[in-house]
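The structure under discussion appears below in the form of structure tokens.
In what follows, every chain begins at residue 1, and chains take the letters A, B, ... in the order their sequences are listed.
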Amino acid sequence: MAEKVTPRSEDYSRWYTDIILQAKLADYSPVKGAMVIRPNGYAIWELIQSNLDKMFKETGHVNAYFPLLIPESFMNKEAEHVEGFSPECAVVTIGGGQELEEKLYIRPTSETIIWSMYKKWIMSYRDLPLLINQWANVIRWELRTRLFLRTSEFLWQEGHTAHATFEEAEEETVKILKVYQRFAEDFLAIPVIPGKKSDSEKFAGALHTYSIEAMMQDRKALQAGTSHNLGQNFAKAFDVQFQDQNGKLQYVWATSWGVSTRLIGALIMAHSDDRGLVLPPKMAHRPVVIIPIWRGDEKKAVMDFADGVFQELKAHYPVIFDDREQYKPGYKFSEWELQGIPIRLEIGPRDVAKNSLVLVRRDTMQKQFVERKGILYTVTETLDRMQEEMLQKAKEFREANSFRIDDYAAFKKQIEGEGGFVYSHWCGDAQCEARIKEDTKATIRNIPFDQEKEEGQCIVCGKKSTGRVIFAKAY
RNA sequence: CGGGGCGUAGCGCAGUCCGGUUAGCGCACCUGCCUUGGGAGCAGGGGGUCGGAGGUUCAAAUCCUCUCGCCCCGACCA
């Protein structure tokens with residue numbers, strides 16, 4: 001492993017790519033814009049899946065699977081939806097050697113195929129709510145791609161729910177956003193800001209969209225999850241009506257929501273350093289590595305000691321016992337640091353003699369001598385603390401790079417300079433929003449839920465505003 | 001789609017301007033010895049017809065024509 005990771009200060013974007021390639025999370029594929037997710041990366045996705053899935057189930061959702069291919073006519077049924085997605089769709093025109101009578105779209109998202117089915121399944125208010133999620137791949141023909149952050153094919157989950165009333169749908173939309181927030185913070189150790197998207201940034205075909213927004217180490221924003229209240233748009237497009245308690249026919253209210261493999265990109269950019277990947281313990285499928293160190297005839301004593309530790313921990317954690325003899329310790333240290341293993345235990349003759357061992361935390365690189373006795377407790381406790389402190393650290397970073405600005409000149413200076421999240425007043429006019437984007441490339445990330453009402457003046461036009469929104473450059 | 005860069009061994013590159021032995025280097029890989037508290041060392045070894053097609057020439061990685069592909073930056077987007 002001769003290659004080194006490019007330092008963040010030198011080239012942030014290279015650093016990001018280096019980490020992914022060198023930690024073996026993913027690799028470029030023969031197909032442009034598509035990547036191969038390697039075992040180290042897929043393990044992270046599996047942890048995202050299993051934990052989120054549990055949260056979905058706990059909130060009453062079930063999984064199903066809908067087809068990859070969507071008839072062209074379905075895509076055309078919802079006006080805004082077509083307009084939003086058509087340009088970035090891949091389309092199948094030939095099947096079995098024959099030109100198809102109706103073209104088939106490879107799903108960029110599944111609203112249309114799902115709502116075509118919901119029409120068959122929903123008759124009565126008794127059929128509602130319908131709370132279905134699917135884990136799937138989708139394709140969007142992106143012009144410019146980046147590993148994990150934007151690839152033409154990506155993995156995600158998409159929830160699609162049907163409700164009897166607007167209020168219920170709205171409640172669902174918000175409930176899921178909170179699930180996303182809890183997941184991001186408790187598992188990914190990434191603090192996020194929940195809020196509402198401006199109209200120009202909302203999902204094609206939605207009434208409105210909520211998002212959680214995270215700050216990366218380069219102070220840019222990353223949308224980490226979205227939840228849409230689709231109103232009755234898709235129900236009307238696919239004619240999905242139900243009979244209510246009074247025997248009256250009504251259109252169904254819908255939501256959809258999703259997070260994708262992009263979260264892995266977020267995880268990398270939020271925590272990692274110039275040595276490589278840093279994973280919060282809950283996202284590490286192998287949280288501990290044991291490295292025995294010996295010379296000559298010390299081997300047996302060290303290996304016996306190390307094996308004892310291994311056996312004790314193995315019962316509770318997937319532990320790597322790196323007893324390869326062709327590599328020296330320094331090499332192993334670097335390799336596992338690069339891959340983000342949270343805890344390294346070094347065991348050498350000196351440790352055997354003292355009945356202790358060396359524990360190194362990946363996030364802080366802090367090295368400490370710990371007693372052999374109670375090692376399981378020590379490891380567990382350290383992992384818990386790391387999870388906690390990584391979230392805390394990320395939160396502090398975000399706070400240190402968040403600003404309240406009321407003057408447009410200062411606003412531009414901040415965005416074009418250091419960047420970060422800028423909380424400013426906005427009148428609600430799309431023109432002012434567009435102007436800012438044109439001037440600075442910053443967009444409204446969202447209108448945060450949690451903030452006190454505050455009278456102010458739009459930073460562009462000076463008209464009245466009732467609250468601040470977050471502006472930032474985004475991925 | 002605009003701008004830039006690049007295709008030579010698994011990876012990273014030199015060689016290309018100015019054609020000329022058997023296409024070279026580093027890393028990785030294999031064998032052996034030796035090593036283990038921060039990416040060891042020595043010796044030996046395997047592997048490429050130079051993105052593709054056509055052309056010029058006694059002779060092409062190198063010159064000419066066409067073509068395919070990838071990466072980075074920008075517009076667009078999870």
Side-chain angles (χ1 to χ4, degrees), chain A residues 1-5 11-14 16-18 21-22 24 27-35 84-89 108-109 137-158 180 197 200-204 209 211-214 221-228 256-266 275-276 291-299 302-303 306 322-338 344-354 357-358 360 365 367 369 437-438 441 443 445 474-475:
Chain A
M1 202 125 338
E3 310 121 85
K4 287 266 198 289
V5 174
D11 185 340
Y12 191 82
S13 156
R14 270 274 300 281
Y16 175 75
T17 308
D18 282 355
L21 296 177
Q22 291 184 37
K24 301 190 171 80
D27 203 352
Y28 293 106
S29 80
V31 180
K32 180 181 158 70
M35 67 174 179
F85 282 104
S86 276
E88 55 182 63
C89 282
T109 176
N137 58 337
V138 290
I139 287 192
R140 298 183 189 176
W141 216 258
E142 299 291 351
L143 303 175
R144 223 164 106 38
T145 56
R146 293 191 74 188
L147 295 169
F148 287 114
L149 294 180
R150 179 168 300 104
T151 46
S152 48
E153 178 181 0
F154 57 95
L155 304 181
W156 76 344
Q157 59 69 217
E158 46 179 329
Y180 286 160
K197 283 287 185 186
S200 61
E201 298 273 337
K202 74 173 189 191
F203 178 76
T209 290
S211 75
I212 50 172
E213 301 285 332
L222 185 89
Q223 180 175 299
T226 48
S227 184
H228 318 288
S256 72
W257 28 272
V259 298
S260 72
T261 34
R262 171 179 252 206
L263 285 181
I264 298 174
R275 288 171 179 269
I291 300 181
I293 300 162
W294 47 269
R295 113 181 59 212
D297 55 7
E298 296 156 349
K299 180 173 178 180
V302 168
M303 290 304 264
D322 190 353
D323 57 358
R324 292 175 298 175
E325 293 189 15
Q326 69 269 39
Y327 296 115
K328 294 178 51 168
Y331 178 91
K332 298 177 183 177
F333 296 167
S334 308
E335 180 175 350
W336 298 119
E337 277 162 11
L338 184 54
R344 173 171 85 231
L345 298 174
E346 304 172 13
I347 299 173
R350 297 207 287 272
D351 304 299
V352 175
K354 289 189 298 179
L357 37 104
V358 174
V360 184
M365 290 306 295
K367 200 166 184 169
F369 295 92
K437 189 172 177 183
E438 203 173 307
K441 285 176 191 153
T443 50
R445 299 324 304 155
Y475 276 99

Nearest to the side chain of A:K437 - B:G37, B:G38, B:C76? B:C76
Can you confirm whether or not the ring centre of A:Y327 sits under 6.0 Å from the ring centre of A:F333? no
hbond_proxy A:E337 side chain to B:G38 base (donor-acceptor, 3.5 Å cutoff): yes
Under 4.0 angstrom, heavy atoms only, what part of the nucleic acid is A:Y327 near: base, sugar-phosphate, or nothing? base
Quick one, A:D27 with A:L21, criterion side chain to side chain contact (heavy atoms under 4.5 Å, CB included). Give me CA distance, side-chain angles, the key distance, then yes/no. CA-CA 6 Å; A:D27 203 352; A:L21 296 177; 3.9 Å; yes
Spacing between A:L149 atom CG and B:A78 atom C1', to the nearest angstrom: 10 Å
Considering every strand and a 4.0 Å limit on heavy-atom distances, what is the contact class for A:E325: base, sugar-phosphate, or nothing? base
Give the rounded distance in Å between these two atoms: OH of A:Y12 and C1' of B:C73. 18 Å
Comparing A:K441 and A:D351 on RNA chain B - which has the more 5′ nearest nucleotide: A:D351
Taking the same atom, P, in B:A61 and in B:G4, what whole-Å distance lies between them? 29 Å
Side chain of A:S13 - closest among B:A78, B:G37, B:C73: B:C73
C1' spacing across the pair B:G24 / B:U8, given as an integer number of angstrom: 10 Å
Counting the atoms with a prime plus P, OP1 and OP2 as sugar-phosphate, which does A:V358 contact under 4.0 Å by heavy atoms, base, sugar-phosphate, or nothing? base
Compare the minimum distances between each of B:G39, B:G38, B:A78 and the side chain of A:E335, then state the nucleotide with the smallest one. B:G39
Side chain to side chain contact (heavy atoms under 4.5 Å, CB included) between A:M35 and A:F154: does it pass, once the steps are laid out? CA-CA 9 Å; A:M35 67 174 179; A:F154 57 95; over 6 Å; no
Taking the C1' atom in each of B:G5 and B:A43, what is the distance between them to the nearest angstrom? 41 Å
Taking atom P in both B:G44 and B:U56, what distance in whole Å separates the two? 46 Å
Nearest-Å distance once atom P is located in both B:U62 and B:G7: 13 Å
Starting the side chain at C-beta, find the nucleotide from B:U36, B:G37, B:A78 nearest to A:W294. B:U36
Can you tell me if A:Y28 touches the phosphate of B:C72, counting only side-chain N or O atoms and a distance under 4.0 Å to OP1 or OP2? yes
If I pick the C1' atom on B:A60 and the same atom on B:G52, what distance separates them, to the nearest angstrom? 16 Å
N/O (side chain, A:R295) to phosphate O (OP1/OP2, B:U36) under 4.0 Å: yes
Check every strand shown and say whether A:R350 touches a base, only sugar-phosphate, or nothing at a heavy-atom separation below 4.0 Å. base
Identify which nucleotide among B:A78, B:G37, B:G39 has an atom closest to any side-chain atom of A:S334, counting heavy atoms from C-beta outward. B:G39
Does A:T261 place a side-chain N or O at less than 4.0 Å from the phosphate oxygens OP1/OP2 of B:A78? no
Pairing of A:R350 and A:E298 as salt bridge, 4.0 angstrom limit: no
Using only heavy-atom distances, decide whether a donor-acceptor pair under 3.5 angstrom links the side-chain of A:R344 to the base of B:G38. yes
Rounded to the nearest Å, what distance is computed from the CE atom of residue A:M303 to the C1' atom of nucleotide B:G37? 16 Å
Contact nearer the 5' end of RNA chain B, comparing A:E88 with A:R324: A:R324
Quick check on B:U36: is either OP1 or OP2 less than 4.0 Å from any side-chain nitrogen or oxygen of A:K332? no
Separation of the P atoms in B:C11 and B:C29, to the nearest angstrom: 15 Å
How far, in whole Å, is B:C63 from B:C18 if one measures between their P atoms? 8 Å
